[in-house]
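The sequence lines fix the lettering, A, B, ..., with proteins before strands; numbering per chain opens at 1.
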Amino acid sequence: MKHQLIAILCVSMFVPTTALAVGGENSVVVGGFDYVYDEVVVADTDKDGTSDRTSYYTAGKLILTAYDENGDGKNDRWFEWKEDKVTLEMSATKGGEPDEFIVVDGNEKALTVETSKGGAGTGGGLMNWIAILAVIGAAAWLYNKKKQLKGSDVA
Amino acid sequence: MALLQCFYMRMQTFLTALTSVVLVLAMAVTVAQAKGKLVKTEEFTPPDIKEQFCGGNIDYRICKCAFHGQMCKDIGKSQSQADHLLYFKYNTHVAGLRATFKGGCSDRGGLFENDKCLYFEEEKEELSDKEKECLPKDFETNWKKYSDIDDAIPIGERSNEAKEFADALASMRTNAEARFIIARDMEIDRLARQELRAYKTALVQNIKANLLRSFWRLAWVTYDTAAGASLPGKDMVQGAASTGKTFAKLFEEVEDKGDLLIKLGNLLSVARSVTPGDSKLAINTDSTTGKFKSLGLTTGISVLENLGDPAGAAQVGVSVFGEIVGIPMPPKADITPEEIEILRTQHLSNKAVDDVLQESYRVNSERRRELAILDEEFAAQKARALEWEAKERDRVKNEIVDSCK
């Protein structure tokens, strides 16, 4: 019983890392979309001494550009790329996650799209918290059971 | 205390709702009064996501996964990811259909509001007997000739209504000019990006002829800024300098090795010197916007609207770039394989091309936002111009009738 409890507690130590991660390893989630990258290039485009542009690449191809336009250390505009063309522009007009989406077609005509009403913002965040609670619940139940067994042994 | 709080919140909600209803009604009345009698309404109906969108416009497996949690492994997504993607694609599709509906509504003379196309019929003014007797026969169609809306009348001698109208028209003119230049430059930029992608491909595939041709065209886009102050009377089309500034990085960031920079500089000098006097690239900046400045007070508001139309301005951008493409390369423009390798290092390995592409899209995104603000301002300025035009017409009509014996 004791070993089972320790094993469950050890496993539960790793579960929170999956809830807190923003996407998987080498990936970033923006506007509910997951971008997997293998190279990041940071630039200071306005030469003020702080980086304001982060470019993400996969196999040498540009997939996402993120800008911090107001200099608050958080990105507020993103451009998604396919074959050196922007296909989606996202902006965080109120700070935080993007709330404005502009789809750009093959002729570079822009179309403003209402923010998606379906689905979770980040991949699997809720499920991870459920998993943490389930593990903690199981550990607590086992602990209680052990306590009861110990109590009955003494009796 | 809790009861008071609850009551206060409910009152707040009620007042907010009431204010919204009053505002909407007021707007509806204003629109109806401005436009005339509502004769027809067409409603935009988005397609049903399950019946009409799934399968036909998106992989049906995404829908199966999103709605039922089935086939998720087939598409490599979780149910929540599929749900997010499905609604994003659906909302994009609906936005496109809405934009087409709105465009068609506008083409047919309707007013698009809250997913409805409203058609109004101008209500014909009923003239009194005295008005019929006193007003000139051509007053209905030619009233401006009896008014102060006339460039020949000094500003100080015009009626207040005519002054306000002239002021509103001047604002519209400035706005149309700004929108024209932005739309034209966005198109030039788009075509330059196309050329830059061709250049990148030529670099990757090491095709010297294509590489030089694209580089030569990009030099033209850039020369006005990168080459310094232009010759008087031969400056590049006003506003396109911002495009040149973005693409100048291709030339500025090349490491100074041997003769390469000199050769690039020569390309730019040659570009500037061979510009013929009647080239669209060499026109005086005043003449680009001259056609706006020359518009008189009696120009119809719709004419101004058409001149500032972004679609028309984009065509100017196409013709400017078309001229660039048609210019033959100077006979001695050539670079060595070693110099090509320098360009590959600087522009590919060091990601200078990606740098320029990203900057170009970012600048264009700002232009797009600027254009959206200008569009809104133009609508407000147009409403103001129409209002004062109508007031001047009423003033003139009353003056004629009052002075009629």
Side-chain angles (χ1 to χ4, degrees), chain A residues 23 29 31-34 39 41 43 45-46 52-57 60-67 69 77-81 83-91 93 98 100-127, chain B residues 46 49 65-67 76-100 186-187 189-191 193-194 196-201 204 249 311 314 348-351 353-369 371-372:
Chain A
V29 178
F33 297 106
D34 198 358
E39 188 186 352
V41 176
T45 63
D46 54 9
D52 56 349
R53 187 182 75 195
T54 309
S55 310
Y56 298 86
Y57 290 82
K61 292 192 176 185
L62 189 56
I63 57 162
L64 181 73
T65 306
Y67 286 95
E69 295 194 316
R77 187 145 1 146
W78 300 262
F79 295 87
E80 177 190 278
W81 297 79
E83 304 300 329
D84 288 334
K85 280 187 184 182
V86 164
T87 50
L88 176 65
E89 185 183 326
M90 298 178 271
S91 302
T93 58
E100 185 186 75
F101 294 77
I102 298 171
V103 170
V104 184
D105 70 12
N107 294 322
E108 300 196 18
K109 292 280 179 247
L111 189 68
T112 304
V113 179
E114 281 177 24
T115 50
S116 174
K117 289 175 183 166
T122 52
L126 179 62
M127 288 310 296
Chain B
I49 190 169
C65 178
F67 292 129
K77 292 196 188 301
S78 67
Q79 188 169 9
S80 66
Q81 285 173 336
D83 182 70
H84 179 271
L85 181 64
L86 169 62
Y87 275 94
F88 185 80
K89 294 282 186 192
Y90 173 70
N91 288 336
T92 304
H93 179 68
V94 169
L97 292 174
R98 186 179 281 113
T100 305
M186 284 177 76
E187 187 59 17
D189 219 21
R190 186 186 73 81
L191 294 166
R193 279 198 297 274
Q194 215 167 275
L196 185 59
R197 280 189 283 269
Y199 169 70
K200 188 179 179 183
T201 304
V204 167
K249 288 179 187 183
L348 280 186
S349 312
N350 293 357
K351 298 183 170 32
V353 169
D354 290 348
D355 213 25
V356 172
L357 275 175
Q358 288 172 104
E359 184 62 16
S360 175
Y361 271 106
R362 191 190 62 77
V363 168
N364 256 0
S365 171
E366 278 168 14
R367 284 184 184 132
R368 197 185 315 119
R369 280 159 211 276
L371 206 55

Asker: Between B:Arg193 and chain A, which part of the residue has a heavy atom less than 4.5 Å away: side chain, backbone, both or neither?
Answerer: side chain
Asker: List the steps and the verdict of side-chain contact (heavy atoms from CB on, under 4.5 Å) for B:Val94 and A:Val113.
Answerer: CA-CA 8 Å; B:Val94 169; A:Val113 179; over 6 Å; no
Asker: I'd like to know if A:Glu108 pairs up with B:Arg367 as an ion pair, taking the criterion as any Lys NZ or Arg NE/NH1/NH2 lying under 4.0 Å from an Asp or Glu carboxylate oxygen.
Answerer: no
Asker: Which atoms of A:Glu83 come close to chain B, meaning under 4.5 Å heavy atom to heavy atom: side chain ones, backbone ones, both, or neither?
Answerer: backbone
Asker: Is there side-chain contact between B:Thr92 and A:Phe101, with heavy atoms separated by less than 4.5 Å?
Answerer: no
Asker: Walk me through it: do B:Phe88 and A:Leu88 pass the test side-chain contact (heavy atoms from CB on, under 4.5 Å)?
Answerer: CA-CA 11 Å; B:Phe88 185 80; A:Leu88 176 65; 3.5 Å; yes
Asker: What part of A:Ser55 gets within 4.5 angstrom of chain B, counting heavy atoms only: side chain, backbone, both, or neither?
Answerer: both
Asker: For A:Val103, which atoms come within 4.5 Å of any heavy atom of chain B: side chain, backbone, both, or neither?
Answerer: side chain
Asker: Go through the atoms of B:Lys200 and report whether side chain, backbone, both or neither lie under 4.5 Å from a heavy atom of chain A.
Answerer: side chain
Asker: Counting only heavy atoms closer than 4.5 Å, note whether B:Lys89 contacts chain A via side chain, backbone, both or neither.
Answerer: neither
Asker: Run the ring-ring contact (aromatic ring centres under 6.0 Å, His included) test against A:Tyr67 and tell me which residues pass, sequence neighbours left out.
Answerer: A:Phe79
Asker: Partners of B:Tyr199 by ring-ring contact (aromatic ring centres under 6.0 Å, His included), sequence neighbours excluded?
Answerer: B:Phe215, B:His347
Asker: Of the listed residues (B:Arg190, B:Glu359, B:Gln194, B:Gln79), which shares the most heavy-atom pairs with chain A below a 4.5 Å separation?
Answerer: B:Arg190
Asker: Would you indicate whether the side-chain heavy atoms of A:Ile102 and B:Arg368 approach each other to under 4.5 Å?
Answerer: yes
Asker: With rounding to the nearest 0.5 Å, note down the distance linking OG1 in A:Thr65 to CZ in B:Arg362.
Answerer: 11.0 Å
